[in-house]
Structure formats: C-alpha cells, structure tokens
*Asks:* 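I have a structure here, written as structure tokens, and I will follow up with some questions on it.
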Amino acid sequence: MNNDYPNCTYHGCDIVDTTNKILKIKQFTFSYGNVIEGLPYADNTFDFVNMRFFVYALRKEEWPIAFKEIIRVVKPGGMIQTTEFEFRLPEDTSSAVYKFVNAFMSVAISRGQDAQIALKLESLLSSNGSGSSVAKKLIWDALEITKSAMSYIGPTLGVNSQEDALVFLDDLKYGFTHTEYTFCAKSVSAKKL
C-alpha cells in the first residue's frame, strides 16, 4: 500500500507490537491499543480503516463493540474494510484437516467466539451505525484488485480496451452488490528444506 500511495500516512494499532522491524516506512506510526477498550484516536480521524483476522481474537458479544469503535475513528465518508476467514469442514472426517478444523471450531465455541463471523460481517457492520452504504463500499478492494489485474485477466474476460474494462468494472460492481457470494481467505506456508 505504501508503494501505491506514497503521500499517505499510515497508522497501525494492536495490543502487541507486530510491526516489521526490518522495513523502515517513514510515514508509518504504531500505537498500542485495544479495539474493545477503545482505540487511542479521536473521533473521525481516518479516511480508511482496515481490521482483519480478528475471528479468534473477539468473542461473539465483542464484535458489535469493535465495529462501533472502528466506525467512531473513521471520518464521515471514509472507508472501512474488514476481512475474516472461515473454516469449512471437509467431507472426509478421517482426514487431519477435518480434525484440525473441527478442533479449531470447537475451541472457538468453547471460548465464546464465532468461527463463522466472516459470513456475518456485512450485517454486523450495517447494524452498528455505519449504514448499508458503507457496508456496500467494502467491494472497493475487490474492484481495485480487478483493476490492477486487468492486463492479465482482461483477455480471458473478453476485455480488450479501456472502455471494455470500465463496462466490466461497472457490471462487476453491480454483481458484488446484488449477488450473494462467499469470500474465503486462505493462507499457505512452506519451509524450504
């Protein structure tokens, strides 16, 4: 993001300092804070807030509190982006993946967490004072990704000109706001032997 928007300032906030100590980004500031206890920022501070991967950090009853807090620090007309992952149990109940996912979900339930929160993000955001128009703006990220990938995926989509791309992006935006779909984030790690 820093490379795409070099004239912006960035603030990171967490209960522990997880910032990369090797990268030196001069327009970045880190603060300690807890979204449930209140973030260390004034009302209407930010144009854009990104909250991600809190699925196993918050209990069910804490989600509305977290959303009220991030809505508080976003400027009127600002953007909120939240991303969570969801595990789905595979059909093979004997697999290690099934056992792992089932254990993760069981632990989440025992701790009062909602392992399926990703499916509820839009309604949670809408019901906590942001209004449905802000919730619908969460598609911004997907549209930006599509724009940046258009030179690669455009030919497959039948998009051969800038005008075609604009028409497709309008159609995609309409589809995102009028089609029910599920987004699942995945992570892959590997160790070189």
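Just so it is clear, the values below take in all heavy atoms, side chains as well, and ignore hydrogens, waters and symmetry mates.
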*Asks:* Can you confirm whether F30 sits close enough to D14 that some side-chain heavy atom of one is under 4.5 Å from a side-chain heavy atom of the other?
*Replies:* yes
*Asks:* Distance check, rounded to the nearest 0.5 Å: K60 atom NZ versus R111 atom CZ?
*Replies:* 14.0 Å
*Asks:* Taking L39 as the starting point, is it possible to reach I15 by hopping between hydrophobic residues whose side chains are less than 4.5 Å apart?
*Replies:* no
*Asks:* Step through the shown structure and confirm whether more than 12 heavy atoms of other residues, nucleotides or ligands are within 6.0 Å of CD on E163.
*Replies:* no
*Asks:* Nearest heavy-atom pair of Q116 and M105: which atoms, and what distance?
*Replies:* NE2-CE, 3.1 Å
*Asks:* Determine, stepwise, if the pair D47 / K75 fulfils salt bridge (Lys or Arg N to Asp or Glu O under 4.0 Å).
*Replies:* CA-CA 6 Å; D47 295 306; K75 291 178 183 178; 3.5 Å; yes
*Asks:* Is it true that V167 and V159 fall in one hydrophobic cluster, defined by side-chain heavy atoms closer than 4.5 Å?
*Replies:* no
*Asks:* If you group Ile, Leu, Val, Met, Phe, Trp and Tyr by side-chain heavy-atom gaps below 4.5 Å, do Y32 and Y10 land in one group?
*Replies:* yes
*Asks:* Aromatic ring centroids of Y56 and F54 under 6.0 Å?
*Replies:* no
*Asks:* Go through the steps for L166 and Q162 under the test side-chain contact (heavy atoms from CB on, under 4.5 Å), then give the verdict.
*Replies:* CA-CA 6 Å; L166 294 174; Q162 185 64 24; 4.1 Å; yes
*Asks:* List the steps, then state whether side-chain contact (heavy atoms from CB on, under 4.5 Å) holds for F46 with F48.
*Replies:* CA-CA 5 Å; F46 299 107; F48 179 78; 6.0 Å; no
*Asks:* For a quick test of reading the model, state the closest non-hydrogen atom pair linking N44 to V74 and the distance between them.
*Replies:* OD1-O, 3.3 Å
*Asks:* Applying a strict under-4.5 Å side-chain criterion to I, L, V, M, F, W and Y, I'd like to know whether F168 and L143 cluster together.
*Replies:* yes
*Asks:* Consider only side-chain heavy atoms of I, L, V, M, F, W and Y, link residues closer than 4.5 Å, and tell whether F53 and V55 are in one cluster.
*Replies:* yes
*Asks:* Taking it one step at a time, do S161 and D164 satisfy side-chain contact (heavy atoms from CB on, under 4.5 Å)?
*Replies:* CA-CA 5 Å; S161 68; D164 289 347; 3.3 Å; yes
*Asks:* Starting at CZ of R59, measure out to CD1 of I65 and round the result to the nearest 0.5 Å.
*Replies:* 11.5 Å
*Asks:* What are the two closest heavy atoms between W63 and I117, and how far apart are they?
*Replies:* CE2-CG1, 3.5 Å
*Asks:* Please round to the nearest 0.5 Å and tell me the distance separating atom CD of E84 and atom CE of M51.
*Replies:* 6.0 Å
*Asks:* Do I36 and L58 touch side chain to side chain, with heavy atoms closer than 4.5 Å?
*Replies:* yes
*Asks:* Do the side chain of E37 and the main chain of N34 share a donor and acceptor less than 3.5 angstrom apart?
*Replies:* no
*Asks:* Please tell me if the side chains of D43 and V73 come closer than 4.5 Å, counting only heavy atoms from C-beta onward.
*Replies:* no
*Asks:* Working to the nearest 0.5 angstrom, can you tell me the gap between T82 OG1 and I70 CD1?
*Replies:* 6.0 Å
*Asks:* Could you state the interatomic distance from CD (Q81) to OG1 (T83), rounded to the nearest 0.5 Å?
*Replies:* 5.0 Å
*Asks:* So how far is it from L169 CG to T146 OG1, rounded to the nearest 0.5 Å?
*Replies:* 6.5 Å
*Asks:* Can you give me the closest heavy-atom contact between C13 and Y41, atom names plus distance?
*Replies:* CB-OH, 3.5 Å
*Asks:* Shortest non-hydrogen contact from A42 to R72?
*Replies:* C-NH1, 3.5 Å
